[in-house]
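This is the structure I have questions about; it appears just below.
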Amino acid sequence: MPTTIGLLSTEQPHSALVLALAPVLAASGVEVIAAIDDFLAFDIDRRAKSGLMLIPGSGPAVAERIPAERVFWIGEPPFTPKLPVGRTLGRARFHEVVGLLNGRANGGALHLAVQETGTFILSGLRVFDQTSAAYAIDGALKSGTAAERFADIFGAKVMSDPGLHAPLPQTRRDVIAPRRGTVASWSTGPLRAALQALGNGGAIGRLVPTGTATGPRKPVARLYGTDAEQVDAAQSLLVDALVLE
């Protein structure tokens, strides 16, 4: 098995997958260097004793800067291709990852993506068979070891209050679907545009998964922005991203 592997997100917009997967793989016995886009601040010179290091950046251009023997390009998970992987975009991703590592967000799309993608990577390194790799990923989450790896980078306090590291803007709005129906998918382009419209520090949270029935009292997402105009613009784009059937 390579002593060090790299993780690089190719998703647009970026989900929480690489940020969640990195500490889980590190807790499974692999030394990990993950490239994280710059919505987070962290000390790039710090490599945790537990085998986890983060560097800033995303996309193909950063691949050559990852000092690893093998780099895994993480786009769609191998068995869970539906977007979005998690329920959040932007800074809210940090909150979702903390919830997963603390055991409060198990069973969702991000959990499944981490389990399946992590198993795919560990078994591909030819040290674990697929069954053993799945147990290793599950054990890293359930034992709290992955949470410890994450806390080594960001500090123990953020595990109970992720807003200390990734504060969410105060202007918030729940978005209702324009009509009744079932969520068929989320379009990537409008989602990315909605996130950009929210500006620096904005976020999209609580995106409902595909198959969800919509209604007048059932929000499909929550927007976080610094002012109402940003949220208005993002809301229009988010509605465009929602594909109903």
For Glu11, does its backbone N or O pair with a side-chain atom of Ser9 as donor and acceptor, under 3.5 Å? yes
Under a single-linkage definition using a 4.5 Å side-chain heavy-atom cutoff for Ile, Leu, Val, Met, Phe, Trp and Tyr, are Val97 and Tyr224 assigned to the same hydrophobic cluster? no
Are the side chains of Val231 and Leu198 in contact, using a 4.5 Å heavy-atom criterion? yes
Ignoring hydrogens and angles, tell me if any N or O in the side chain of Thr4 forms a donor-acceptor pair with the backbone of Glu31 under 3.5 Å. no
Minimal heavy-atom distance between Asn102 and Ala147, with the atoms involved, is OD1-CB, 4.4 Å
Audit row: Leu7, Val32, side chain to side chain contact (heavy atoms under 4.5 Å, CB included) steps and yes/no: CA-CA 7 Å; Leu7 299 179; Val32 179; 3.9 Å; yes
Can you tell me if Glu96 uses its side chain to pair, donor with acceptor, with the backbone of Arg87 under 3.5 Å? yes
Parallel, tilted or perpendicular: rings of Phe154 and Phe94 (30°, 60°): perpendicular
Find out whether Ile55 and Ile36 are in side-chain contact, i.e. whether some heavy atom of one side chain is under 4.5 Å from a heavy atom of the other. no
Would you name the heavy atoms of Leu8 and Ala63 that are closest together and state the gap between them? CD2-CB, 3.9 Å
Can you find a pair of side-chain heavy atoms, one from Thr171 and one from Thr226, that are under 4.5 Å apart? no
With rounding to the nearest 0.5 angstrom, report the CD to OG1 distance, Gln130 to Thr119. 7.0 Å
So do Arg179 and Leu244 actually touch side chain to side chain, heavy atoms under 4.5 Å? yes
Does atom CZ of Arg126 have more than 12 heavy-atom neighbours, drawn from other residues, nucleotides or ligands, at distances under 6.0 Å? no
For Leu101 and Val24: C-alpha separation, side-chain torsions, deciding distance, then whether side chain to side chain contact (heavy atoms under 4.5 Å, CB included) applies. CA-CA 9 Å; Leu101 298 180; Val24 174; 4.1 Å; yes
More than 12 heavy atoms of other groups within 6.0 Å of Asp129 CG: yes
Are any of the side-chain heavy atoms of Asp152 and Pro23 separated by less than 4.5 Å? no
Is any side-chain heavy atom of Leu17 less than 4.5 Å from a side-chain heavy atom of Val114? yes
hydrophobic_cluster_shared for Leu168 and Leu89, side chain cutoff 4.5 Å: no
Which value, rounded to the nearest 0.5 Å, describes the distance between Leu238 atom CG and Leu191 atom CG? 6.0 Å
What I'd like to find out is whether the side chain of Thr117 reaches to under 4.5 Å of the side chain of Ile121, using heavy atoms alone. yes
Chi angles and distances behind the side chain to side chain contact (heavy atoms under 4.5 Å, CB included) call for Ile137, Leu25: CA-CA 7 Å; Ile137 296 295; Leu25 286 172; 4.0 Å; yes
Pair Lys157 + Asp161: basic N to acidic O under 4.0 Å: no
When hydrophobic residues are tied together by side-chain contacts of less than 4.5 Å, even through go-betweens, does Leu164 share a cluster with Phe150? yes
If you measure from CG on Asn200 to CD on Gln230, what distance do you get to the nearest 0.5 Å? 9.5 Å
Say whether, by atom type as modelled, one donor and one acceptor occur between the side chain of Gln115 and the main chain of Ala134 under 3.5 angstrom. yes
For the hydrophobic clusters of this structure (ILVMFWY residues joined by side-chain heavy atoms under 4.5 Å, transitively), does one cluster hold both Leu237 and Val243? no
Measure the OG-CG distance between Ser15 and Leu21 for me, rounded to the nearest 0.5 Å. 10.0 Å
Applying ring-ring contact (aromatic ring centres under 6.0 Å, His included), run through Phe72 and Phe120 and close with a yes or a no. CA-CA 11 Å; Phe72 288 89; Phe120 180 83; 7.7 Å; no
Step by step, would you call Leu207 with Thr88 a side chain to side chain contact (heavy atoms under 4.5 Å, CB included)? CA-CA 6 Å; Leu207 284 159; Thr88 61; over 6 Å; no
Please answer: with hydrophobic residues joined when any side-chain heavy atoms are less than 4.5 Å apart, are Ile176 and Val183 in the same cluster? no
Between CG on residue Leu100 and NE2 on residue His111, distance to nearest 0.5 Å: 6.0 Å
Determine the minimum heavy-atom distance between Gly163 and His95, stating which atoms define it. N-CE1, 3.6 Å
Contact summary for Ala27 and Ala140, nearest pair of heavy atoms: CB-CB, 3.7 Å
Keeping Ser132 on the side-chain end and Phe128 on the backbone end, is there a donor-acceptor pair under 3.5 Å? no
Indicate yes or no: at least one non-hydrogen side-chain atom of Arg70 is less than 4.5 angstrom from one of Leu125. yes
Find the distance between CG (Leu195) and CZ (Arg91) and round it off to the nearest 0.5 Å. 11.5 Å
Between Ala194 and Ile204, which heavy-atom pair has the shortest distance, and what is it? CB-CD1, 4.0 Å
Between Ser236 (side chain) and Ala233 (backbone), is there a donor-acceptor pair under 3.5 Å? no
Checking Arg149 side chain against Gly51 main chain: does a donor-acceptor pair fall under 3.5 Å? no
If you compare all heavy atoms of Arg104 against all heavy atoms of Val98, which two are closest, and at what distance to 0.1 Å? NH2-CG1, 4.2 Å
